[in-house]
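Worksheet for the structure shown next.
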Amino acid sequence: MSTATPPSIVRRPNAGGPELETARKALAQVFGYHDFRPGQAEVIAAVLGKRDTLAVMPTGGGKSICYQVPALLAKDGITVVVSPLLALMKDQVDGLRQAGVPVAAVNSTIPRDEQARILDAAVANRLRLLYVAPERFGDGQFMSALRRANVALLAIDEAHCISQWGHDFRPSYRELGDVRPKVGNPPIVALTATADPLVREDILARLKMRDPVVHVAGFDRPNLRFDVVRVKNQKEKSEQIAERLKGLGEESAIVYCGTRKKVEEVTDFLQRQRIKCARYHAGMTDDDRKRIQEAFARDSVRIIVATNAFGMGIDKPDVRMVLHHDMPDSLESYYQEAGRAGRDGEPAECVLYYSARDRNLREFFIDLSHPEARTVVEVYHALCSYEGRRVHIREVMTSDDEPGVNAAIDVLKDSGLAGRQGQMVWATRPDGDSEIDTAGLEAHRAHAVAKLDAMQAFATSVTCLRARILDYFGDEQHELACGNCGPCVAPPSARATNAAEDELFQALRAVRRVFADEANVPPFTIFSDATLHDMIRLLPRNKTEMLAVSGVGQVKFERYGEAFLAVTKAAAADRGRTGPAGLVPAQRGQGILDGGSTVKRTLDLYRQGFDIQGIGEKRGLARATIMGHIEELVARGEIDDVAQWVDELTIRRVRDAAGGVPVGPLGPIKEALGDSVTYDELRLARAWLNRGR
Ligand code: ADP
Ligand code: ZN
């Protein structure tokens, strides 16, 4: 990163103590989770110790628990949670209510009389948490209620919105710095996924945090598999994305595009390929956007093609793929968007499609938002020469760089030096001696360029992508090569599920859907996919066993437990009859080749003489998926001839580069052998050399 690290980062050792034990109990009782995720315990310990705390955790890392658990424990007061987006707030409130926690939200969508009732409940301490939009703090009635309530904790979610250095700056956040003294001086916990040091410093300063604990928690998301696919042109991107989406099955995915126009093009292209998907960008009506968001949350739309306008409000946990058609402006943006995959902790894929010209688009955007200081000064002087009169923008066109001039006028407008109405512009302080902060402008521009450089370095990396991300975010403890990203290329996981398991999952989902429809909430607020998978793993037969499932707390058990139990009990009885192979997740060496399994079907087609392409087409699966099956089959000795995919000489070179068998991670071997071999060849050569081991 380009800038200095903040001085106050404290990494606390895993804290224990009786308070944390109580917190752990609440975590299990209410949320049904058996232990804290990396960082949660440390942050909660700081909050319970009444310290001001900044928690920096990646998207999906579990930030909400960091204030929700303390809120449950602080019984003599209420926790006020500031959240920038209504949709986000609604999901949180729905989820907590499902778990039996008394919560409410106050925002512009709630009728006045209901707001009054909610505020009465807050004052009477009948709510544990109150979610509010930042604008509320400007409302007299609301503030007077908060003054009467006992505010135990002020939690600021998405805290980077307070910083102009961040990518989501929101003016309404700026006032938050003055809120604390008006509500009885509670401690503050601020939460963000942004690791930019300038932004972190800004959060601390603007919220006036006192002797804060700054906790940078595990940025690693081990279940995400990163890859960059390099392509020659835009057309190839769409084709490859279509190909990859065909392997998605019934799961959900997001395809991010750099512009609205691209969203339109890519959506049209995919739909022509008969891939069902919906578009989403800021140019659509609010109603349309809301409809699409809800359809996605409720699984009636599986694939969304979107600009980065799609996401802040989405906390759907079971997104299985996030594909980037275009390179984002920074690794922060990329990780935030990619991080919307696999929030449930189950394996998910994040793929960036990159072509050498992608940087141009990003530079164009930088020019638009950060014009060169020289242009700004020139345009300003040109404006002033008209002494405040309105002139057509053509008159101040100091160069033929029209976007640059437009951008300059925007900057001047933002700093109050110019006005603009359509094509007419004027100087608001035409005496012309206002200082333009050229150093500030240059700094912003340089900051943006440095971020783009880091992003591009990731896109063109030939070494571990995960390591690059973690280095960038300042998370130091990680392996040099993760073994689970494009450049590392790990062997295919043994995660192939068998048919019985699939069926059971569908049955559990059906039960979940009934409850979700009844309560009119998204299915994941009942139980996440991860929880359903845990049910399949444990097959509980009674209440105690069901409570051992991750994600099943007391209240949820009382509401839904029996219905899910009915399904798992029956399956457990079945297992008793057929023996364990029928239902336990497939392990290497068992289950994976059972009749009807996905790998078995690939093998059958292979034996009928189909090649990889043919099998993929027949099964409607991506080439990469079939490739993974073939690799698995070669490794198991089911396919005993690889000559059609990789020649003898290459196999020998792979063995030599690996220093003999068994052959380990492919990253170093690829580095040694260079472009003369493809990863597909490497993977098959390794499977062949390691077969039967
Ligand atoms: P963030 O706000 O950091 O993006 P969330 O707070 O929405 O992430 O949490 C992401 C998901 O992880 C949610 O489904 C949440 O219920 C789950 N989760 C959080 N903490 C834990 C935990 N300790 N154990 C298991 N799951 C957890
Ligand atoms: Zn890696």
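Counting starts at 1 for both ligands and their atoms, in listed order.
Each of Y354, F226, Y334 was evaluated against H324; a single residue qualifies, Y334, per the ring-ring contact (aromatic ring centres under 6.0 Å, His included) test.
Put simply, the side chain of V228 reaches to within 4.5 Å of the side chain of F458, judged on heavy atoms.
We find that R97 and D94 are not joined by a salt bridge, their nearest charged nitrogen and carboxylate oxygen being 4.0 Å or further apart. Under the 4.0 Å criterion applied to side-chain N and carboxylate O atoms, E631 and R686 are assigned as salt-bridge partners. Between D529 and R343, no side-chain nitrogen of the basic residue sits less than 4.0 Å from a carboxylate oxygen of the acidic one, so the salt-bridge criterion is not met.
In this pair, F564 and F527 present their aromatic rings perpendicular. The plane angle is above 60°, beyond the 30 to 60° band.
Scanning for salt bridge (charged side-chain N to carboxylate O under 4.0 Å, His left out) contacts around K316 gives D299, D318, with sequence neighbours left out. In this view, Q240 and V229, V231, E236, Y353 satisfy the side-chain contact (heavy atoms from CB on, under 4.5 Å) rule, not counting sequence neighbours.
Checked by atom type, the side-chain pair T678/D680 shows no donor-acceptor distance below 3.5 Å.
Within 4.0 Å of ligand 1, contacts by protein heavy atoms are made from Y33, D35, F36, R37, Q40, P58, T59, G60, G61, G62, K63, S64, I65, R343.
Within the protein, the N, O or S atoms lying under 2.8 Å from the Zn ion (ligand 2) are C464 SG, C482 SG, C485 SG, C488 SG.
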